[in-house]
Every structure is written in C-alpha cells, then in structure tokens.
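One structure below.
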There are 2 protein chains.
Amino acid sequence: MFRREETRTVHVGAVPVGGGAPVSVQTMCNLPPHDAGAILAQAQGVARLGCDIFRLTVPDIEAAKALGKARSASPIPFVADIHFDYRCALAAIEAGADALRLNPGNIGAAENVRAVARAALARKIPIRIGVNMGSLEKPLAAKARGGEISPAEALAQSALAHLKLLEDEGFRDVVISAKASNVQDTIAAYRLLAERTDCPLHLGVTEAGTLVPGAVRSSVALGILLAEGIGDTIRVSLTDRPEREVLVGMEILRSLGMRPPGPAVTSCPTCGRTKVSLMPVAAAVEEALEALYAERLAAGGAKAVERFPRVAVMGCVVNGPGEAKDADVALCGADGFFMLYVKGEQVCRVSEADAARKVVEYVVSL
Amino acid sequence: MFRREETRTVHVGAVPVGGGAPVSVQTMCNLPPHDAGAILAQAQGVARLGCDIFRLTVPDIEAAKALGKARSASPIPFVADIHFDYRCALAAIEAGADALRLNPGNIGAAENVRAVARAALARKIPIRIGVNMGSLEKPLAAKARGGEISPAEALAQSALAHLKLLEDEGFRDVVISAKASNVQDTIAAYRLLAERTDCPLHLGVTEAGTLVPGAVRSSVALGILLAEGIGDTIRVSLTDRPEREVLVGMEILRSLGMRPPGPAVTSCPTCGRTKVSLMPVAAAVEEALEALYAERLAAGGAKAVERFPRVAVMGCVVNGPGEAKDADVALCGADGFFMLYVKGEQVCRVSEADAARKVVEYVVSL
C-alpha cells in the first residue's frame, strides 16, 4: 500500500532500523533506574507483547551498571537515554547499551561529543538524536513562539544541527526523532526531515497524554506519516504502563498491514438490536487471546504468531454472519445466546457464560 | 492544513453535513429501542461531551414512537437506523426523525423505495446510505472474496448502486458511508467514493473492536482520510459506551485542528527520572477538566469551550518547563512535589495530594 522513504540502515542490537526494515516498536522503562531486576522484568514483559527495543534513562553511573546487568539477560536491545552528562553515555556504552539517545548539543564541549562518537563507533552502536518541542534550544524556541518560523521548522533545524555535530566527528549511524505534543506540528516536522535527511526516523508524539487521548493522538500522527512512507521505528508515549504503549504501537502498525494481525478482536458497538451482553464477552475473549498470543510469541518468536487466528464478536445478524466469513472463529449474538462460527460456518449455539471459553477452545484447535 | 473535498450539503436537523461545514461527530444509542426516557438521557449525555448527531435503531413501530418521544426533548438531532422494513422508515419519519440511515436496496420493491423517498423529501430529511463489508450484497461479496475486485471496490460499487435507486426517485439529500472492519479497505473505499460522488461522506471503521484497539484503528483510518480532505461527519464504533465513542471522535478532530482543544491533558509517560506519582495526578486532573468542560458546554454551548484552558502534567525538568510555556496551567514534577506554572511562569510549589485540586483552581480562575 505504501512506498517507504529510502533511509540508511542502522542496527540496534539485532534489530535493523531504516533501509526498508520492518518498522520496529519501542517503549521506555518507567521504573527507578537502579533496580536491574525490575528493569529486566519489564523488558521481558514488553518483549512478550512484541516490543522490539527498550529504552531506559541513565541519569548516573549507577544506572549504567543496572542497565548492563539487566541487558545481559534481556531478549531485546536497550537504548540508553542520556541528558547533559557525557560520562553517563560513556558508562552506558561500556556497560553494554545497544544504542544511545543523546543530543550532542546538550553535552557540553566538542571534546565530549568526540569522546562519545568514538566510543559508539568502536562498539558499532547507533545514536538517536531526539529533539522535543519542550526542550528545544532557546533561540529556536523563541523564533517558533514568535512566529518567525514554524514549530516544525524549529524542530527540524534543531535535529539537523545536532546531526551536523555527529557528522563532523565522522559518525553516521544516526536515527532522528522530532516530537511535539501537538499532532500537526509533529506531522509537519517529520515531513521536513524526510525531505532533508536520509537518516532513519523514529516517530512519536511526545507527552501524548493518558491512555485514550494519547492513543488517538499517536495513531493519527503516526498513521498519517507511516501511510506516507515516513518512519522506521515508533514509540507511543502514554501516561500509562509501557505495556500499553507497546499494544498501541503494535496496533497502529497492524492497522496499516505493517504487522500481521494480533489478538485484538473485531467486535461491534452493539445497538438497540442487540439481545446479548456483548461487551463483557468481547473483553473476555480478547483477554484470553492476548494471553495466548503472548504465550506463542514467547515460545516460538514472531514466526509463531504470523498467522494468529482472527476472531469476531458480533451482536446480531445484520453484519454478524458476513464478518464471520472473514474470521477464523466468530460469535454472532441472537436472543440471549450466541451462534459460534468457524471459518464462516455455523458450528454450535453457546450461552453467554460459555462463549469466551468456547471461542478459545476452537481457536486453540485450529 | 487540509484542502477539503467539495461535497453537497445536507442538514441533519440543525447540523449541516458536507459543503465545507465543520466535520460533525456522531454516535449510536446502545439501549433497548423502546425506552424513550433512557434514550433521551443517553442523547443528553453524549451531547454534553460534544456529540452532534445521535443515531438509534428502529426495528419496529413501537421504537419509532420511542424515538419521537425522546427526540422532542433532545438537544441534538436523531438518525433512525432502518433495516429491511420500509414501514419502520415511514414511522420514524412520521415520529420526527431528523434523518434516516437506510440502504434502499434492502427494503424490497421499488414502490417501497419510492414511498420512503417521497416521505423524506416532504419532511426535507436526508438519507444516509450505509454499506458495510459484513452485509454487502452476496454477488459483490463473492467477487471481493474471490479476488475479482478489491473489497474497497465492492463497497464503493454497492454504495453507488444504492445511491442510484434514490436518485432515480429524484432524491439527492444523500450521505454515504462504506465501512470495513479492516482499516486499509476502509481507507481505500472512501478514496474511491471521494472520486466518484459529491455526496457528503460519513466516515467510520465498522466493528473496530474494544476501547483501545478500536480507538487506534479508527484514529488511523479517519486520521488519514481527514488529512486528505475526505470526510464530512464521523462515527467511531467501539465495543464500549457511546460516550467513549464521542470522546475518541472528538479527539481525532482536535488532533487535526478541526475542533478547538478539549479537556485532555498533555502529559508525559514518565521514566526513570520521574520522582513523583504522575499517573494518578494526570488522571485526576483530566477527570476534573472533563467535568468542567461538560459543565461549560452545557451552560454556554460550543462558544463557551472554544478557548478551553490547556493543561500539561509533566514529570521532570527535561521537557516540563518548555511544555509549561505552551500551556495555560502546568505541573512539573520535582523530587516528591510539583511546581505549578501559569502561562509559563512558576507560581507555587504543590504537594502530590493537592496537585489536581490546585490545577483546577487556577484553571477556573483564568
């Protein structure tokens, strides 16, 4: 459906980013930075949902050590998030970080940038330049607020200025992000970057908010950009658990056919025609499918969920049998019970209480 | 940002649809169709959130009477959803429906279509043709499943065939929808319709699923289409309460600048740098703002929330003070407490426990 913009390829651990590689999904650790055990458990948890890359802040040297410890047992690569102190970057590289997120203009003198670039080059790890409307350099922020340039232009100029600092050191394995909390500014900034650089782009709306508004804002911005072929890796920022960020990110990619379908069901909103309790049944079916998906992914990797069964939970005969034809297993509500379909064929009648369990039985047997 | 496709204008009660009118938000009643009191309460509830148009199913004559009773006290217009029985359409028109959703190919003989078209014309009410992948005519569905034509082409052909039946009766006040549960098919179908007709388009992903996946799928599809200038009215279908459908629909429009900002906050995802409990504070602030928004909307209409205060809830100093500059009121987390900003200026220090209450105090005082 979409022609991808051509970008160079970098590698975050074993995960290729850019150059036409599948768009990867990232999240960020929200735990205290010194608790290696908890960090590892969170990385394992998000990996089970399909997360490809895990980022964590490294505000001090002790955090770099925790990163190293957790990384050694993690199934997915770690990006060290660095602000202000280049020594944390060096310590994170030393400890085994797979990539850095760092804005070279924020770590002081040119020799600091040089030291980081050399260490990253020696370990062959990429650096993401991550500019953000809330932490833009003061002169650019003032120009944008004064209307002299657009917010998107300010973001793009900032990112490209940071990029120049790394390129001046001969460092080219760079990913760029340019995030605003405003969806339109975010879209415009990435369009500018896609024109002006061939660095892979990490997409995200920053501080997108709580679960539902945050999912909407992220889906609109990332959906529009990805449909234009822009974006090589994504992170959905939510004021919620990292697991939810991954679920939203995966669903964005799935909706555009950039990942195979996952455990989320097709289900109807119900209306005055509905004569079953659909909402709890849909929720129970989806919860069971999510567990099954995570189990298969953990056991067999991406290959094991490439053709995950598609399930529909429908309220009535208007669209139910039609949707059942496009699903592996479907429920179609009648008067106080459901008809269960497998591959579009009616199989049996099930009660509301048994519906979710029966669906999962058939899904497992497929 | 977007050039809107040119469409003809119809009116659903006092709400213009098409012809460059603001994109309106719809939802559908999920209550039993004979309980006028409950239907009215739901219509009033969604109107308080910004919903413009309320649809309800009319499966029998008694439901038409309930529609009429609830409509007479409703602040927003009602669309009667009709399947199969043209007498329900006539009864709904008679009872005071502001519009019909009806596929003329599904109500039997040509004289039935003629009777409905005449009655709608006499009352000057529009008809939405709503085709849906799950209830496509069998020959078109078979062609699409067999790969002879694309699903999008099948949806578009079906809609245009229904349209011809109405146009043959001289009826032109038609809105069209063509929904699939698959996001890509939905996008492709509406792109075809935008090329082939100037009827206003009602956008939606059908059976989009439970809250979060459904919000993502709807936001991706509607975001992409609206950004291309396609779409005159929207309905988000969720296996959840109609109120949530409205919140998601409104947020999609807001994210693209098609509605003024609402009560949803800008808030950060937190990370290892965060030293406050941000998630409950963000949730409490947002809940209070939603109540304030609904109150102002109910008291003063859309005008009263045109410049609703923008609030940011941020975890630390990296992006906090920057985001505070673009917010009317902001919290920025420090070590166990927040700094409160008004119009970008530090005002006072607040505890976690007091933070939400203090934000609302300042918001109300603006």
Side-chain angles (χ1 to χ4, degrees), chain A residues 1 28-33 56-57 59 63 81 83 132-136 141 181 183-184 206-207 209-213 215-217 219-220 223-224 227 237-240 245 247-248 251-252 255-257 264-273 278-279 282-283 286 314 318-320 322-323, chain B residues 1 28-33 56-57 59 63 81 83 132-136 141 181 183-184 206-207 209-213 215-217 219-220 223-224 227 237-240 245 247-248 251-252 255-257 264-273 278-279 282-283 286 312 314 318-319 322-323:
Chain A
M1 189 171 186
M28 186 165 184
C29 183
N30 66 348
L31 302 170
L56 55 173
T57 192
D81 196 80
H83 287 272
N132 202 304
M133 206 64 209
S135 51
L136 214 54
S181 58
V183 166
Q184 294 175 84
T206 192
E207 293 108 26
T210 58
L211 180 60
V212 175
V216 171
R217 293 164 178 176
S219 300
V220 169
I224 288 172
S237 291
L238 299 176
T239 306
D240 209 307
E245 295 190 346
L247 290 171
V248 171
E251 206 57 41
I252 292 172
S255 73
L256 291 169
V265 300
T266 293
S267 62
C268 91
T270 81
C271 70
R273 289 186 296 264
L278 192 99
M279 221 192 290
E286 193 160 85
M314 302 293 296
V318 170
N319 295 317
E323 286 292 340
Chain B
M1 188 168 188
M28 186 165 182
C29 182
N30 67 348
L31 302 170
L56 55 172
T57 193
D81 196 81
H83 288 272
N132 201 304
M133 207 61 209
S135 51
L136 216 53
S181 58
V183 166
Q184 293 174 88
T206 192
E207 292 108 26
T210 57
L211 180 60
V212 175
V216 171
R217 293 164 178 175
S219 300
V220 168
I224 289 171
S237 291
L238 298 177
T239 306
D240 209 307
E245 295 191 346
L247 289 172
V248 170
E251 205 56 41
I252 291 172
S255 74
L256 292 168
V265 300
T266 293
S267 62
C268 91
T270 81
C271 71
R273 288 186 296 264
L278 193 98
M279 222 190 290
E286 194 160 83
M314 303 291 298
V318 170
N319 295 318
E323 286 293 340

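First the proteins, then the strands, lettered A, B, ... as listed; each starts at 1.
In this structure, chain A has heavy atoms under 4.5 Å from both the backbone and the side chain of Val216(B). With a 4.5 Å cut-off on non-hydrogen atoms, Ala264(B) touches chain A through its backbone and its side chain both. If you measure heavy-atom distances from Glu323(B) to chain A, the contacts under 4.5 Å come from both the backbone and the side chain. There is no contact between Leu247(B) and chain A, counting heavy-atom distances below 4.5 Å. Using a 4.5 Å cut-off between heavy atoms, Ile252(B) touches chain A through backbone and side chain atoms alike. With a threshold of 4.5 angstrom between heavy atoms, Met28(A) approaches chain B through side-chain atoms but not through N, CA, C or O. Contacts between Val212(A) and chain B at a heavy-atom distance below 4.5 Å involve the side chain alone, from C-beta outward.
In this structure, CG in Leu256(A) is found 5.0 Å from CD1 in Ile224(B), a value given to the nearest 0.5 Å.
Looking only at distances, a side-chain donor or acceptor of Glu286(A) sits under 3.5 Å from a matching main-chain atom of Val265(A). Put simply, the side chain of Thr206(B) never gets that close to the backbone of Ser181(B): no donor and acceptor are under 3.5 Å apart. Thr239(B) places a side-chain N or O within donor-acceptor distance of the main-chain N or O of Ser267(A), the cut-off being under 3.5 Å.
Interface check for chain B: of the options Asn30(A), Leu136(A), Asp81(A), the most heavy-atom pairs under 4.5 Å are formed by Asn30(A). Heavy-atom pairs under 4.5 Å with chain A were tallied for Gly322(B), Ala215(B), Ser255(B), Cys29(B); the largest tally goes to Ser255(B). Taking Cys268(A), Gly223(A), Ala141(A), Pro33(A) one by one and counting their heavy-atom pairs under 4.5 Å with chain B, the maximum is reached by Cys268(A). Of the residues considered (Asn132(A), Leu278(A), Leu31(A)), Asn132(A) shows the highest number of contacts with chain B, using heavy-atom pairs under 4.5 Å.
Scanning both residues, Glu207(B) and Asn319(A), for their nearest heavy atoms gives OE2-ND2, 3.2 Å. Contact record, Val318(B) with His83(A): CG1-CE1, 3.5 Å, taken as the closest heavy-atom pair.
Between Thr270(A) and Met279(A), the closest side-chain pair of non-hydrogen atoms is not below 4.5 Å.
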| message | Pair Val248(B), Asp240(B) - check side chain to side chain contact (heavy atoms under 4.5 Å, CB included), show working. | response | CA-CA 11 Å; Val248(B) 170; Asp240(B) 209 307; over 6 Å; no
